[in-house]
Amino acid sequence: MLTNQQMEKYAELAVRIGANMQKGQEVVIRCDVQCADFAHLIAAKAYEFGAKMVHMEWRDEKLDRINMLNASKEAISDIPEYRKAMWDYSIEHKCCLISISADDPNKFKGCDAAKLSAYEIAFQLKRQAFRNATMSNYLRWTIVSIPTPAWAQQIFPKDDVDTAMDKLWNAIGHIMRLDQKDPTEAWRKHIDTLVKRAAFLTKHNFEYVHMYNKQGTDLTVGLATDHLWIAAQEEGQDGIPFTANMPTEEVFTAPHNRKINGVVTNALPLVNNGNVIDNFRIVFKDGKVTDFSAEVGYDALKGLLSSDKGVLSLGEIALIGKNSPIAESGILFYNTLFDENASCHLAFGASYPTTVKGGNEMSQEQLVAHGMNQSIQHVDFMVGTKDIDIDGIAYDGTVTPIFRNGEWVI
Ligand code: ZN
Ligand code: ZN
């Protein structure tokens, strides 16, 4: 368990380093009802730093499961207008967004896969404008996490609830640098290191990134024309920096969605929409998935890959060294926010317009011409094994080692 003082520091990180809320701004906190105490702490902290108003978007994963089990496919896919109204309000009022991610990885276990994917598609369509506003950094946003009983017990199944919660709190405290004297300062330093690596990669302007390991991954990922590598700190469209994911260890950019070839295998299980998918293998040709298999969660993977056309290509390639505090913890979190930061990853689906020069000003056609992928999905999956090697290949064919044995060499 963290001390009260550490909890205060954590709330401050979310407000100041994460969303980087500005004086007079409105804030939307989005979280499960189980996280209410921490949400209230964040709300109080937001006012301390000059918030105009704090709104809540309460979620309730237990009710979500009850609904998924009992409501009809039609009823569950009819996303109410009032939810869209709330998202529209956030856009109109330029709210900054703070999400607390603490999902039970199995909340939809055993639910009907067709119903789940119908719901997911309807939900993403309804949320399209809002998603565009966050993915293009029109709104500043951040995601942080705290333990919940179901999540903690999934990670530490042999422990009783209290012990599991304690262990997860300790892990998160360390990963979030809350055990350091000045967490805010520690974060500023960390962000600086990542930003320098991103600048190095952007300067090299590689045509391809080649990733390979002993597990069978041998994938060439073309990079979008005029791509930008981004790390830790992004810039809102208003020019104000923010840190979207906390923790974050990644340096990422956009693949070229017609220039991806080869085979990739996963390094960690993928938890998507309340289902675990593991031991999977994806084959790409000219930017598209042409074949896939999965020993665990094949139907969930198949459901995901049938969301739309764009989900069959990639929207992100992200690099993370195996010595990051999350990777070093050796814990499998069953939560993408953490697990994606333990391992190099790719994402099925949409790319971020911010990962190409001038992307926010481009039309849909221009983005497509640059190789930027479009989809209603964006689902990260982890591919960075401890032995992964990664090279950058320049337009003239020069090869620059980026990773050796799972760690940065630049
Ligand atoms: Zn990522
Ligand atoms: Zn991602």
Side-chain angles (χ1 to χ4, degrees), residues 18 97 99 101 103 120 124 127 130-137 139 141-145 175 190-191 194-195 197-198 201-202 209 211 219 221 223-224 227-235 242-257 260 264 266-273 277 282 304-305 307 310-322 324-327 333-356 359 371-385 388 390 402-403 406 408:
L97 315 166
S99 298
S101 151
D103 289 4
E120 177 68 11
Q124 294 299 355
R127 206 167 66 136
F130 179 75
R131 199 179 50 254
N132 289 346
T134 54
M135 285 189 82
S136 67
N137 295 352
L139 300 178
W141 53 281
T142 193
I143 312 177
V144 294
S145 271
I175 287 165
H190 170 56
I191 288 169
L194 294 178
V195 166
R197 282 185 179 137
L201 293 171
T202 297
V209 166
M211 35 193 11
L219 188 72
V221 181
L223 301 182
H227 64 272
L228 294 169
W229 289 87
I230 293 181
Q233 198 159 55
E234 299 185 44
E235 207 167 84
F242 70 102
T243 302
N245 290 329
M246 299 191 77
T248 181
E249 303 286 341
E250 66 177 336
V251 179
F252 68 99
T253 193
H256 191 298
N257 72 350
I260 307 158
V264 67
N266 72 307
L268 290 168
L270 161 63
V271 180
N272 183 55
N273 221 351
I277 306 168
I282 316 279
L304 168 65
L305 291 179
S307 311
V311 77
L312 292 173
S313 192
L314 299 177
E316 179 187 351
I317 172 168
L319 309 182
I320 294 109
K322 69 179 173 189
S324 84
I326 301 174
F333 286 90
Y334 294 96
N335 178 315
T336 301
L337 180 62
F338 288 82
D339 293 328
E340 73 159 358
N341 275 298
S343 166
C344 295
H345 56 267
L346 303 168
F348 294 118
S351 53
Y352 292 89
T354 49
T355 46
V356 66
M372 300 291 279
N373 200 45
Q374 323 278 321
S375 169
I376 57 166
Q377 294 283 9
H378 176 99
V379 177
D380 296 301
F381 61 100
M382 280 57 80
V383 300
T385 51
I388 200 158
I390 301 175
I402 302 173
F403 266 59
W408 291 97

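Read the numbers this way: they start at 1 and go in the same order the structure lists the ligands and their atoms. Predicted model, so just to flag it, every value in this text is computed and none were measured.
- Annotation for L314 and N373: closest pair O-CB, 3.3 Å, computed over non-hydrogen atoms.
- For H378, the N, O or S atom with the smallest separation from the Zn ion (ligand 2) is NE2.
- The name of the N, O or S atom in D380 nearest to the Zn ion (ligand 2) is OD1.
- A donor and an acceptor atom, one from each side chain of S101 and N335, are located under 3.5 Å apart.
- With respect to the Zn ion (ligand 2), E316 has OE1 as its nearest N, O or S atom.
- Look at E250 and the Zn ion (ligand 1): an N/O/S atom of the residue is under 2.8 Å from the metal.
- For Y352 and H378, the ring centers sit closer than 6.0 Å to each other.
- In this structure a side-chain-to-backbone donor-acceptor pair under 3.5 Å is missing from N257 to S313.
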